[in-house]
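Read the numbers this way: they start at 1 and go in the same order the structure lists the ligands and their atoms.
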Amino acid sequence: MGELTFSIIKPDAVANNKIGDILKMISDSGLTIKATKMIQMTKVQAEGFYAVHKERPFFGELVEYMISGPCVVSVLEGDNAIKRYRDLMGATNPAEAAEGTIRKAFGASIEANASHGSDGPDTAKVEVSYFFSSLELVN
Ligand code: IDP
């Protein structure tokens with residue numbers, strides 16, 4: 001089994017009907033989708049998910065944005081999946097993201113940047129289990 005990482009297709013991308021395009025980019029990159037579902041986060045869930053950012057000035061706005069509409073959360077698997085998915089997403093600010101990345105193609109702003117991906121093995125583990133039970137991951 002390869003490495004697991006956690007992905008969110010954020011509310012702006014869902015609202016813009018980009019779920020299919022983004023899942024296709026993920027599949028085309030060679031990562032395997034182990035689980036996926038659409039959710040509407042509550043404020044408490046979003047605050048918990050982004051707890052590491054709670055001292056940052058944009059925390060309140062980020063939480064409001066993440067609960068502004070449904071998201072698609074997924075678990076991705078592959079060798080080196082965490083870094084590969086970060087590379088596929090591109091820079092946090094879509095204006096600085098490279099051609100061919102998800103954020104370049106679909107991100108609207110540094111906040112509404114279309115996607116989230118875990119930034120390391122420890123966060124990946126926490127984030128996967130925040131939204132999925134082990135029974136929801138296909139073998
Ligand atoms: P990452 O998602 O590329 O890992 P982080 O710095 O961990 O970037 O920030 C988490 C999320 O917070 C970003 O994806 C983006 O949605 C939002 N964000 C980051 N910086 C800013 C900012 O300066 N203003 C508003 N939102 C921001």
Side-chain angles (χ1 to χ4, degrees):
M1 188 170 107
E3 186 175 66
L4 298 183
T5 193
F6 173 74
S7 151
I8 304 180
I9 301 176
K10 293 184 178 181
D12 62 304
V14 173
N16 290 330
N17 284 320
K18 301 306 178 193
I19 298 170
D21 297 84
I22 293 173
L23 291 178
K24 180 168 176 4
M25 286 175 80
I26 290 169
S27 298
D28 287 349
S29 80
L31 292 167
T32 301
I33 298 167
K34 294 278 288 180
T36 193
K37 62 188 173 187
M38 187 179 273
I39 61 161
Q40 168 73 56
M41 267 191 248
T42 66
K43 190 168 183 183
V44 169
Q45 279 175 326
E47 285 172 347
F49 181 74
Y50 277 125
V52 291
H53 294 314
K54 68 175 180 293
E55 305 305 334
R56 294 174 83 175
F58 55 82
F59 178 72
E61 281 169 39
L62 178 59
V63 167
E64 288 305 317
Y65 159 61
M66 291 302 288
I67 67 172
S68 67
C71 292
V72 172
V73 291
S74 306
V75 180
L76 312 179
E77 182 189 39
D79 292 339
N80 212 10
I82 294 170
K83 179 173 189 308
R84 281 167 62 195
Y85 188 52
R86 299 278 299 180
D87 289 347
L88 181 64
M89 290 197 305
T92 305
N93 186 351
E96 292 163 9
E99 282 300 333
T101 63
I102 292 169
R103 285 166 166 172
K104 173 72 175 181
F106 305 121
S109 69
I110 191 164
E111 177 180 79
N113 59 4
S115 61
H116 166 88
S118 307
D119 63 5
D122 294 342
T123 37
K125 211 166 270 171
V126 170
E127 291 176 358
V128 165
S129 60
Y130 196 77
F131 289 105
F132 291 93
S133 82
S134 56
L135 291 175
E136 289 176 284
L137 309 188
V138 299
N139 286 307

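Glu77 and Thr32 share no side-chain donor-acceptor pair at under 3.5 Å.
Under a cutoff of 6.0 Å and an axis angle of 45°, Lys37 and Phe132 form a cation-pi pair.
At a threshold of 4.5 Å between non-hydrogen side-chain atoms, the residues Thr5 and Arg84 do not count as touching.
Aromatic ring centres of Phe49 and Phe131: separated by under 6.0 Å.
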May I have a table of the N/O to N/O pairs between ligand 1 and the protein that fall below 3.5 Å, each row giving the two atom names and the distance to 0.1 Å?
from	atom 1	to	atom 2	distance (Å)
ligand 1	2 (O)	Arg103	NH2	3.1
ligand 1	3 (O)	Thr92	OG1	2.6
ligand 1	3 (O)	Arg103	NH1	3.1
ligand 1	3 (O)	Arg103	NH2	3.4
ligand 1	4 (O)	Arg86	NH1	2.9
ligand 1	4 (O)	Arg86	NH2	3.2
ligand 1	6 (O)	Arg56	NH1	3.4
ligand 1	7 (O)	His53	NE2	3.2
ligand 1	8 (O)	Thr92	OG1	3.3
ligand 1	14 (O)	Lys10	NZ	2.9
ligand 1	14 (O)	Asn113	ND2	2.9
ligand 1	16 (O)	Lys10	NZ	2.9
ligand 1	16 (O)	Glu111	O	2.8

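Rounding to the nearest 0.5 angstrom, the gap separating the CD atom in Glu64 from the CD atom in Glu111 is 10.0 Å.
Crowding of Asp79 atom CG: a count of heavy atoms from other residues, nucleotides or ligands under 6.0 Å not exceeding 12.
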